[in-house]
Amino acid sequence: MNKQEVLSILEKYGLQAKRSLGQNFLCNDDVIGDILEFAQLDKDVTCLEIGPGLGALSEKAVLLAGKYLAVEIDTSFQQRLEDVIVKPGGYILFEDYLHLDVKDLPIPDFAPDVILSNLPYYVMTPIMLKVLGDFPRCRKMVFMVEEDAIDRIFAKPRTKAYGPLSVLTDLFGSKKKCFTVEAGSFYPAPNTTSAVIVIERKDEAAEAGQWNPQWIGFVESAFALRRKTLINSLSSGGKYGKEAILAALRKMGLKDSVRSEELMPEEFAGLFKILQGREES
Ligand code: SAM
């Protein structure tokens, strides 16, 4: 799909790009081809796309994947997406992904092997975090993110950018930045450069029970009060008492005054297990 095609699709269906919904449509066939190359879809693959927009990725992904579902917030795309997704055999659900309960998906027991998203930047972090909690068995995630987010995704402990995105993607799998994408590859052009990243699940990441919304919420609350100690940050959510957190820290051999940015990703996992009463003796 190139810029001319995007403009004529908008005109044909009487649509406009809504900046408030992060609508920057891909209009560079090379970038679209490269993203699909990294996704490696085939008939054995079940694919979920978040935010299909005008269908730049979807129109090809739906033909390559064995099963394909897209979740889109903007119902004004309904006619266009019925043409490019539903007619060739895919499914589309019009809903805010952030409010989606995976139990309500239109395909029973839907378990994507690959998740694809040119993420809407205004909700990039919450969508990525929710995906990690919703689909722990997903093998590969291919995301377009804003270049600024790369720092947060790849940050190391004891740095300012280190946070839930770095910790959770690190534990989930191996991650790599594949290539950068200039603003001119989108219509309308965003204010930043973008990048495509791939996260591939580590086998041990699928450890039963660890990847769920509670675990994601635990890591988020650990960073809720960045300037405070981990005890204060974790207890501020009201879910864990200071005594229990203190006992867990001591059991892990961590100092009482430790701050979240000092913990290695594995130490968050260890603490969570202890606080959930699931640690091995
Ligand atoms: N995939 C298309 C492409 O590459 O051209 C569109 C990408 S555009 C950056 C982001 C898309 O996500 C838009 O279609 C937007 O309407 C949709 N979107 C925004 N917020 C969403 C949400 N909370 N849940 C689902 N889709 C959302």
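Numbering of ligands and ligand atoms starts at 1, following listing order.
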**Prompt:** Val71: heavy atom below 4.0 Å from ligand 1, yes or no?
**Reply:** yes
**Message:** Under 6.0 Å between ring centres: does that hold for Phe223 and Phe268?
**Reply:** yes
**Message:** Centre-to-centre under 6.0 Å for Phe25 and Tyr187, is that the case here?
**Reply:** no
**Fill in**
Out of Glu146, Gln23, Met144, Glu95, the nearest non-hydrogen contact to atom 13 (C) of ligand 1 is supplied by Gln23
**Request:** For residues Phe77 and Tyr13, establish whether the separation of their ring centroids is below 6.0 Å.
**Result:** no
**Request:** Considering heavy atoms of the protein only, find what lies nearest to atom 3 (C) of ligand 1 and give residue, atom and distance to 0.1 Å.
**Result:** Asn118 ND2, 3.5 Å
**Item:** Salt-bridge present (Glu59, Arg80; N to O < 4.0 Å)
**Value:** yes
**Request:** Have a look at Ser20, Gly22, Ala56, Cys27 and point out the one with the heavy atom closest to atom 8 (S) of ligand 1.
**Result:** Gly22
**Request:** Validate the cation-pi geometry between Lys130 and Tyr97: distance from NZ or CZ to the six-membered ring centre under 6.0 Å, angle to the ring axis within 45°.
**Result:** yes
**Message:** So is Tyr121 touching ligand 1 or not, going by heavy atoms under 4.0 Å?
**Reply:** no
**Protein contact of atom 16 (O) of ligand 1 - nearest heavy atom, named by residue and atom, plus distance** = Glu72 OE2, 2.6 Å
**Prompt:** Would Lys177 and Glu147 satisfy salt bridge (charged side-chain N to carboxylate O under 4.0 Å, His left out), going step by step from the backbone distance to the final call?
**Reply:** CA-CA 10 Å; Lys177 178 179 165 185; Glu147 180 84 341; 3.3 Å; yes
**Complete:** Correct closest heavy-atom pair for Arg139 and Val45 would be NH2-CG2, 3.7 Å
**Prompt:** Among protein heavy atoms, which sits nearest to atom 12 (O) of ligand 1, and what does the distance come to when rounded to 0.1 Å?
**Reply:** Gly51 CA, 3.2 Å
**Message:** Any nitrogen or oxygen of Tyr122 lying under 3.5 Å from a nitrogen or oxygen in ligand 1? Just yes or no.
**Reply:** yes
**Item:** ligand 1 versus Phe186: contacting region, heavy-atom distance under 4.0 Å
**Value:** neither
**Request:** Looking only at protein heavy atoms, identify the closest one to atom 24 (N) of ligand 1 and say how far it is in Å.
**Result:** Tyr97 N, 2.9 Å
**Message:** Please determine whether side-chain hydrogen bond (donor to acceptor under 3.5 Å, both in side chains) holds for the pair Lys228 and Ser260, giving the CA-CA distance in whole Å, both sets of side-chain angles, and the decisive distance to 0.1 Å.
**Reply:** CA-CA 9 Å; Lys228 307 271 183 191; Ser260 51; over 6 Å; no
**Item:** atom 27 (C) of ligand 1 - nearest protein heavy atom and its distance
**Value:** Ile73 CG2, 3.5 Å
**Prompt:** Of all the atoms in ligand 1, which lie at a distance below 4.0 Å from a heavy atom belonging to Phe77?
**Reply:** 14 (O)
**Request:** Report, in ascending order of atom number, the atoms of ligand 1 lying under 4.0 Å from any heavy atom of Gly53.
**Result:** 6 (C), 14 (O)
**Message:** Distance under 4.0 Å to a non-hydrogen atom of Glu49: what atoms of ligand 1 satisfy this?
**Reply:** 1 (N)
**Message:** Going by the closest heavy atom to atom 22 (C) of ligand 1, which one wins out of Leu26, Leu57, Leu21, Asp96?
**Reply:** Asp96
**Asked** Parallel under 30°, tilted from 30 to 60°, perpendicular over 60°: which one fits the rings of Trp215 and Trp211?
**Response** perpendicular
**Distance-only N or O hit between ligand 1 and Leu98, under 3.5 Å** = no
**Asked** Does ligand 1 have any atom that is closer than 4.0 Å to a heavy atom of Lys18?
**Response** no
**Asked** Is it the side chain, the backbone, both or neither of Pro52 that has a heavy atom closer than 4.0 Å to ligand 1?
**Response** backbone
**Item:** Glu262 with Lys255: basic N within carboxylate O range, under 4.0 Å
**Value:** yes
**Prompt:** Short N/O distance, under 3.5 Å, between Ile127 and ligand 1?
**Reply:** no
**Message:** Regarding ligand 1, does Val123 bring an N or O atom to under 3.5 Å of one of the ligand's N or O atoms?
**Reply:** no
**Prompt:** Given the rule in the side-chain hydrogen bond (donor to acceptor under 3.5 Å, both in side chains) test, do Lys175 and Thr169 qualify, once you have shown the distances and angles that lead to the verdict?
**Reply:** CA-CA 7 Å; Lys175 49 191 171 186; Thr169 54; 2.8 Å; yes
**Asked** Got a sec, which residues hit side chain to side chain donor-acceptor pair (under 3.5 Å) with Glu266, two or more places apart in sequence or on another chain?
**Response** none
